[in-house]
Peer 1: 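What follows is a single structure, and I will ask about it in a moment.
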Amino acid sequence: MGVRSARSEQTRERILGAAKELFAVHGYKSVGVREIGRRAGLTNAALYYYFPSKRALYDAMLVLPDVADLQAHSRVAGRDQVHEIIFDWIDHRGDDSEVVSMVIAGVWHGDPEAISTLAQLQQAFLGVLRPALERHCGPEWELVARTILTSISGLVMQLTVEYGPRYIDKLRTPAGRQVIREILELALLDAPSVSVSGS
Amino acid sequence: MPYLNGNGAHGRSEIGRERVLSAALDVFNRYGFDSATMRQIADQLGVTDAALYHYFPSKRAMLAAILDEAWEVRLPPGAAELPCIDSEESLLLILDTVLHGLADHEEAVRIVARQAMVSAEALEVRRARSARWRDYIVAHFSPGIGKEDRRRIMGAIGYFIAGVLFVNQQRPGGLRAAMADPRYVEQMHRMAVLAIPIRRLLEGRPG
């Protein structure tokens, strides 16, 4: 009895994998269900059995980061904390790289789904940085967080245009880490500071 | 010398470079850069492909020209050249100039980004153009800035500009609408001086 469900789970994963690969470079809007089926080696009817719509596929692959989980790391105030949170994200959220690439491709295509997902991702990012930055910078935390968000979005966008979902491998190299470190160091160099505990 | 193609349709002077590029963009967008042909672009304009070759030797050259125009710097009024980057004011002036240039060609920038994600050739063109643009900005650094700091500042400027362009794609009207909104521009300036702390970098970094 388990055989059948294991196989159907495999098929489901195969469909999701095919969809991710296609969405990651073409965006959501311009990929057809038929193309996904072809790549997964399934007929349209078989594919619809697993996912009733393209939107259902998109929703299934979209798992947004758990803000509370990431925030749990940021107990101590200070600059190091900001670095730690970002590297934690890069090291442990890498499975999302196809989703991120899909969102970036989709935004360049003007897909409304991708645009609203980008907004959610950004809110998650701001939420994760908030406790550490609020303690370090006070009421100006949001400006600092948005500055970091802007530069890191620019970096990730450029890498994704070049490498697609493999951008994450580039970020994890020593050179990639160095770039992130510099972005954070520069952004925090002149950031308002309310406490001495972080420095 | 005036040029007329075989069937006496549009000559070179009648098409116009601008129209060629806009037709090329349209075709790249519709069929993808890799599968687009010079013939399709010519058809779009209602001319022979021979007429197109008078403007550009290849579709690759067209994409390069599109990017050149997108990156073209619209100088601030009264300035013959961009200022040297040696202060917050000059940094912000350069950022505004580049961002306005991108906003003026936003649709082209979007299409090129999309094509670069699916076409190795389009990506190469995009890469070469970004490198040129980087060199251009680096050439505007104050001579007092050392090599290592130039690299750091350039990195910070590049990621910040790319980020401002990208993040504003969520906004209805995109970067163009953002740059037309004085409140946004003010906020962007406050972020810029944090992202690129030029004064601190010029003073030498504290140990």
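Chain letters run A, B, ... following the sequence lines, proteins first, then strands; residues in each count from 1.
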Peer 1: More than 12 heavy atoms of other residues, nucleotides or ligands under 6.0 Å from NZ of K29(A): yes or no?
Peer 2: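 Enclosed: over 12 neighbouring heavy atoms sit under 6.0 Å from NZ of K29(A).
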
Peer 1: Can you tell me which portion of I183(A) sits under 4.5 Å from chain B's heavy atoms? Options are side chain, backbone, both or neither.
Peer 2: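 The answer is the side chain of I183(A).
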
Peer 1: Testing the basics here: between R200(B) and D190(A), what is the closest heavy-atom pair and its distance to 0.1 Å?
Peer 2: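 Minimum heavy-atom contact is NH1-OD1, 2.6 Å.
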
Peer 1: Run the side-chain contact (heavy atoms from CB on, under 4.5 Å) check on L186(A) and R152(B) step by step: do they pass?
Peer 2: CA-CA 9 Å; L186(A) 289 179; R152(B) 287 165 62 95; 3.3 Å; yes

Peer 1: Please flag which part of A114(A) lies under 4.5 Å from any non-hydrogen atom of chain B: side chain, backbone, both or neither.
Peer 2: neither

Peer 1: Count the heavy-atom pairs under 4.5 Å between each of G154(A), P112(A), G164(A) and chain B, then report the option with the highest count.
Peer 2: G154(A)

Peer 1: Could you look at V156(A) and say if it's the side chain, the backbone, both or neither that has a heavy atom under 4.5 Å from chain B?
Peer 2: neither

Peer 1: Please determine whether side-chain contact (heavy atoms from CB on, under 4.5 Å) holds for the pair Q169(B) and I115(A), giving the CA-CA distance in whole Å, both sets of side-chain angles, and the decisive distance to 0.1 Å.
Peer 2: CA-CA 8 Å; Q169(B) 298 306 307; I115(A) 288 172; 5.8 Å; no

Peer 1: Output the option from L184(A), I148(A), V25(A), L155(A) having the highest count of non-hydrogen pairs under 4.5 Å with chain B.
Peer 2: L155(A)

Peer 1: So does W108(A) get a backbone contact from the side chain of R110(B), meaning a donor-acceptor N/O pair under 3.5 Å?
Peer 2: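 A pair under 3.5 Å: no.
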
Peer 1: Does atom CZ of R166(A) have more than 12 heavy-atom neighbours, drawn from other residues, nucleotides or ligands, at distances under 6.0 Å?
Peer 2: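 Counting neighbours around CZ of R166(A), 12 or fewer heavy atoms of other residues, nucleotides or ligands fall under 6.0 Å, so no.
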
Peer 1: Could you look at I104(A) and say if it's the side chain, the backbone, both or neither that has a heavy atom under 4.5 Å from chain B?
Peer 2: both

Peer 1: Would you say that more than 12 heavy atoms from the other residues, nucleotides or ligands in this model lie under 6.0 Å from the CZ of R39(B), or not?
Peer 2: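 No, CZ of R39(B) has 12 or fewer neighbouring heavy atoms, counting only those of other groups under 6.0 Å.
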
Peer 1: Pick one of side chain, backbone, both or neither for S101(A), based on which atoms fall under 4.5 Å of a heavy atom in chain B.
Peer 2: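 Answer is both: backbone and side chain atoms of S101(A) are under 4.5 Å from chain B.
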
Peer 1: With rounding to the nearest 0.5 angstrom, report the OG1 to CD distance, T147(A) to Q187(B).
Peer 2: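 T147(A) atom OG1 to Q187(B) atom CD measures 8.0 Å (nearest 0.5 Å).
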
Peer 1: With a 4.5 Å limit on heavy-atom distance, are the side chains of L143(A) and L194(B) in contact?
Peer 2: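 In contact.
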
Peer 1: Looking at OG of S153(A) and CG of L165(B), how far apart are the two atoms once the value is rounded to the nearest 0.5 Å?
Peer 2: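 The distance works out to 11.0 Å.
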
Peer 1: Mind checking the CZ-NE2 spacing from R114(B) to H109(A)? Nearest 0.5 Å is all I need.
Peer 2: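 With rounding to 0.5 Å, CZ (R114(B)) is 5.0 Å from NE2 (H109(A)).
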
Peer 1: Is there a side-chain contact (heavy atoms from CB on, under 4.5 Å) between T160(A) and M117(B) once you walk through the steps?
Peer 2: CA-CA 8 Å; T160(A) 306; M117(B) 290 187 83; 3.7 Å; yes

Peer 1: Can you confirm whether R190(B) sits close enough to E140(A) that some side-chain heavy atom of one is under 4.5 Å from a side-chain heavy atom of the other?
Peer 2: yes

Peer 1: Side chain, backbone, both or neither: which part of R171(B) has a non-hydrogen atom closer than 4.5 Å to chain A?
Peer 2: neither

Peer 1: Should T150(A) and F166(B) count as side-chain neighbours, where that means a heavy-atom distance under 4.5 Å?
Peer 2: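 Heavy-atom side-chain distance check fails, nothing below 4.5 Å.
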
Peer 1: For chain A, find which of I111(B), V118(B), I196(B) contributes the most heavy-atom pairs closer than 4.5 angstrom.
Peer 2: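 The option with the most such pairs is V118(B).
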
Peer 1: Walk me through whether E182(A) and R151(B) qualify under side-chain contact (heavy atoms from CB on, under 4.5 Å).
Peer 2: CA-CA 11 Å; E182(A) 281 188 9; R151(B) 193 190 57 74; 3.1 Å; yes

Peer 1: Which atoms form the tightest heavy-atom contact between Y159(B) and S151(A), and what is the distance?
Peer 2: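 Heavy atoms only, the tightest pair is CB-O, 3.6 Å.
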
Peer 1: State the CE-CZ distance between M188(B) and R146(A), to the nearest 0.5 angstrom.
Peer 2: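 Answer rounded to 0.5 Å: 15.0 Å.
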
Peer 1: Taking atom CZ as the centre, does R60(B) end up with more than 12 heavy-atom neighbours from other residues, nucleotides or ligands that are less than 6.0 angstrom away?
Peer 2: yes

Peer 1: Can you tell if the side chain of Q122(A) reaches within under 4.5 Å of the side chain of V167(B), non-hydrogen atoms only?
Peer 2: yes

